[in-house]
Amino acid sequence: MKSYQKLATDIPQPTESYAEEESIDGKPPYLWKLSTWWLGVGLLLMVAGLLSGVTMWVLRQASGGHCGQTPLEKCSVVPEPLRFDCYPERNVVVTKELCESRGCCFIERDQPLGSRSGVPWCFYPPDFPSYTLESLNQTELGMVGLLRRKVKAYYPRDIERLKLSVEFETDTRLHIKITDSTSPRFEVPLEVPQAMKRAENPIYSLEFSKEPFGLLLRRRASGTVLLNTTVAPLIFADQFLQISTVLPSKFLYGLGEHRSSFLHSLNWTTLTLWARDVPPMESYNLYGAHPFYLLMEEGGAAHGVFLLNSNAMEVALQPAPALTWRTIGGVLDFYIFLGPDPNMVIQQYQQVIGFPAMPPFWGLGFHLCRWGYGTSNETWQIVKAMRNYQIPQDAQWNDIDYMEGYRDFTFDPMKFDTLPQLVEDLHKHGQYYVIILDPGISSTNPPGSYWPYDEGLRRGIFINTTQGQTLIGQVWPGFTAFPDFSNPDTYQWWLENLNRFHARVPFDGLWIDMNEPSDFKDGSVDGCSPGKLDNPPYMPAVLGNSLSAKTVCASAKQSASVHYNLHNLYGLMEAKATASALIQIRGKRPLVISRSTFPSQGRYSGHWLGDNRSKWKDMYWSVPGVLSFNLFGIPLVGADICGFSGTTSEELCTRWMQLGAFYPFARNHNTENEKAQDPVAFGSVARTAMKEVLLTRYALLPFLYTLFHRAHLQGHTVARPLFFEFPQDVITYSVDKQFLWGRSLLVTPVLEPGVDSVIGYFPRGVWYDYYTGSSVNSSGESLKMAAPLDHINLHIWEGAILPTQKPGSTTWVSSGNSLHLIAALSQNASAWGDLFWDDGESLDTFERGDYSYLVFNVTQNIFTSTVLHANVEATYITVDVLSVYGVRDEPSRVTVNGKENPFSYLENQVLTVSDLNLNLSQGFSIRWL
């Protein structure tokens, strides 16, 4: 029996909720007076338990606002948590004179002058000029309004008249867009659904303030205010757009890509979104941009907000709780998703950006790579050693050292001369080969000697300078040009290059790296222009303090727009072109793994979390990273197992292999000039532990594959935070050292050195040890569990049925093996599960009906398998074993389709029925009496 040690848990109590009163009868909500708004905000903030000063300030606003107050008085009454930064520039020491020149309040605090963290010294007064809502008219889908600014803002080229568009797209989705009413502006070229009719029964209500303009969004069921933008002025200049809102709680997630805890800190934190090539570190903008957040409300409801904008951006968080969006281009194009539970929020988000692609089955196997194998023969030796120890492996990868001179679409004829034979050998063993490609195309070869550059130049598919010349930067091969993936002609050029190389080295998947895009020369070899695009009036908090830091010039010209607008889209556009090319070349599902990402990229690629380090803290950071990308609609995600840079240890790598076996995308990868960290590089104890956990992953692949089917079909998450299934349990809101696969498999890894136990939180209910079936009935508590070096703790939540399979050394071998079904009974002795099965590689199998789908049920001591859809693949598979966890009374007999069958029953209440040999394509029932 598994032993657990219960730990004392301090359970935070949720604050009391407050149901606000209905609107005043007969008064249109958009004509509410400002004092009413301040009162509404104040009630929210009082409920949130802010300082008494907030209450006093709100009451003053309600009883006459700032009338008759001196400038000092009207400033000092603004509570610190509600001070919205009026001077967010980071390259300036903000003085009283500078602040007041913007018409803002200046109050010093006990922190260094110019400090960019903590309460701002320079903040907006309550009467700071904003826009006025001059008109608001009904439309077929919602409303359209006109906003006008009577007093110019302090950023250049502010826009006097704005168009407000509101569409009630569905009962759970609201679309709000603010843009220039007279001139077109850049908008993200993302395919989004178009509403055909107005929502009939929305679960939200929207109200407006006329002057200053603001909107207030409520959840109808609870009255909770989800957005209130009256708390700070709207600013809409050509290169500075800003809007703020208070939040209904502090439980905020998303806003990637960053290295941070899963639950963001609202303690004056700024998150910057600008794709950047940098090894992951805290506080900086990383490889991708995802302007989407999920927020858990008090009581367990959830909502999400997506700003469809690709320009450089920062999101300022403060403890009110409140949030400010700042972007330096485009439009304010918001989608709000009302859930009401977190799973539904993510599904609704993906209904807008697109559901992720179904990966090939082999893509869920174990992948092995390193930079620095040195030769194809050395790579081959690793593959053979993995086979010799019968360690599961589906794909072998190579980093840039396979190339000749680091040039794309080449391989070194001396060191990697046997590469075609290696790939042929992989294919003979049911394995696959993946290569890396960088977007930078070498520009220094003699004319006629390097087709990718010569042909790209001839077709005009490279990014250009402001003068219309090919922009030249520098990456691994030296001087390089950068393909413009916003140009439709680039797709054909990319396809032809890949096709030519595939004829020599028949790769199966593509790893697209350095696609922020990365440039070792800031901007270009000739620098960048002195204009407003490369030197905008406001510079978000980007690493390097320049938009061109380690990338191309923002002023560079692309087919669809300037790079200033398209930078954050570069990885998405390359992924789209790459997936399209792979489909045309192989005629099968593509596997593309990309470093840079943007919303909707899950339709084309997965993601790995970048160049991490072989450190324990990096292993921990990978968990919130994986969870965040599942929020972003990119469920095929993982970190470099054992760490990319630095030297790992046997203990660290063993623990990381155990965790990594439960990344949706599992790849071990490290850098050159470090000792090997593949499983065969270690002693027998560590090697065996790594092999066993990979066999566990491979056994669970039918379950994992079904989760990806649900992600592809409905937008479910694969790796999932605990609060998605337990939204009423506030303790789960901050758990990011454990995660779920789907709704039912709890993974509790060891993330610290030198320990043989681990503490995990178990929400209320019965949890079964995956390996033994022993149960623990938790009241919602933390438990200490044994965790020797050869073990990772896995638990099944009551009521689930997991399809598992006898594991093999590859997914091709495993996929033909018999199934072992595990039913974990709920407290009322029921359970449910399902299985999606197809050939694992063909395109659009669900859409074409070429698949099998089965539903498993347990009720009243009867297990049933019901075939809802069948194809030939299911006829090749048998169900050999059924294990039922939580059978309280030992059965006297078991029948299979009405015939008695041998069984075993253990003291820990596990019933096992073996040697079933039931064809998966036929329904069956198993009963115990």
Side-chain angles (χ1 to χ4, degrees), residues 12 14-18 20 34-62 65-66 74-88 104-105 107 109 111 115-128 130 209 212 214-219 223-235 242-255 263-271 293-298 303 305 314-326 336 733:
T15 56
E16 207 171 284
S17 62
Y18 181 88
E20 293 192 276
L34 179 59
S35 60
T36 308
W37 284 94
W38 286 126
L39 179 59
V41 176
L43 291 170
L44 287 172
L45 295 172
M46 284 187 284
V47 171
L50 295 179
L51 300 173
S52 59
V54 176
T55 305
M56 182 182 297
W57 173 71
V58 170
L59 292 176
R60 285 195 183 188
Q61 299 302 321
H66 55 272
K74 76 177 181 182
C75 292
S76 60
V77 297
V78 180
E80 289 187 351
L82 272 173
R83 292 180 180 176
F84 290 86
D85 199 344
C86 177
Y87 219 116
C104 291
C105 299
I107 297 179
R109 295 188 74 258
Q111 62 191 45
S115 171
R116 304 313 306 174
S117 61
V119 180
W121 291 16
C122 182
F123 57 94
Y124 295 107
D127 59 352
F128 191 91
S130 184
S209 168
L215 57 87
L216 182 145
L217 179 67
R218 297 177 189 270
R219 184 179 298 282
T224 302
V225 176
L226 309 183
L227 299 175
N228 183 341
T229 69
T230 65
V231 291
L234 167 66
I235 297 178
Q242 176 175 279
I243 190 168
S244 302
T245 180
V246 289
L247 302 170
S249 88
K250 63 181 180 181
F251 300 112
L252 183 81
Y253 311 85
L255 298 173
L263 173 63
H264 284 301
S265 168
L266 271 59
N267 189 26
W268 305 104
T269 302
T270 298
L271 303 172
Y293 71 76
L294 170 76
L295 188 136
M296 291 299 296
E297 305 157 29
E298 292 177 7
H303 71 273
V305 176
E314 62 189 20
V315 184
L317 309 175
Q318 59 194 75
L323 173 151
T324 297
W325 299 92
R326 296 189 195 105
I336 301 98
Y733 291 9

>> How close do A320 and L82 get, counting heavy atoms only, and between which atoms?
In response: CB-CD2, 3.9 Å
> Do any N or O atoms from the side chain of S130 and from the backbone of L234 form a donor-acceptor pair under 3.5 angstrom?
Replying inline: yes
>> I'd like to know if the side chain of R83 and the backbone of V78 have a donor-acceptor N/O pair within less than 3.5 Å.
In response: yes
Report all side-chain donor-acceptor pairs from residues 244-253 shorter than 3.5 Å, counting only partners two or more places apart or in another chain.
from, atom 1, to, atom 2, distance (Å)
S244, OG, T324, OG1, 2.7
T245, OG1, N228, N, 2.8
T245, OG1, N228, O, 3.4
S249, OG, F251, N, 3.1
S249, OG, M296, O, 2.4
Y253, OH, Y733, O, 2.6

>> Show the nearest heavy-atom pair for residues G223 and R218, with the distance to one decimal.
In response: O-NH1, 3.7 Å
> Yes or no on side-chain contact (heavy atoms from CB on, under 4.5 Å) for H264 and L323, after CA distance, side-chain angles and deciding distance?
Replying inline: CA-CA 12 Å; H264 284 301; L323 173 151; over 6 Å; no
> When rounded to the nearest 0.5 angstrom, what is the spacing between CG in D85 and OG1 in T270?
Replying inline: 8.0 Å
> Stepwise, does the disulfide (SG to SG under 2.5 Å) test hold for C104 with C86?
Replying inline: CA-CA 7 Å; C104 291; C86 177; 1.9 Å; yes
> Can you list the residues that meet the side-chain hydrogen bond (donor to acceptor under 3.5 Å, both in side chains) rule with Q318, with sequence neighbours excluded?
Replying inline: none
> If we only count heavy atoms from C-beta on, is the L216 to V225 side-chain gap below 4.5 Å?
Replying inline: yes
> Taking only residues two or more places apart in sequence or in another chain, which ones pass side chain to side chain contact (heavy atoms under 4.5 Å, CB included) with C105?
Replying inline: C75, F123, P125
> Between atom CG of L227 and atom CG of L295, what is the distance when rounded to the nearest 0.5 Å?
Replying inline: 9.5 Å
>> Between E297 and L226, does the side-chain contact (heavy atoms from CB on, under 4.5 Å) criterion hold? Intermediate values first, please.
In response: CA-CA 9 Å; E297 305 157 29; L226 309 183; 3.4 Å; yes
> Between V305 and H303, what is the shortest heavy-atom contact and its length?
Replying inline: CG2-CD2, 4.1 Å
> Of the non-hydrogen atoms in G214 and T229, which two are nearest, and what is the gap between them?
Replying inline: CA-OG1, 3.3 Å
> With under 30° as parallel and over 60° as perpendicular, where do the rings of W325 and Y293 fit, or are they tilted in between?
Replying inline: parallel
>> Just verifying a value: how many Å separate L266 CG and L317 CG, rounded to the nearest 0.5 Å?
In response: 5.0 Å
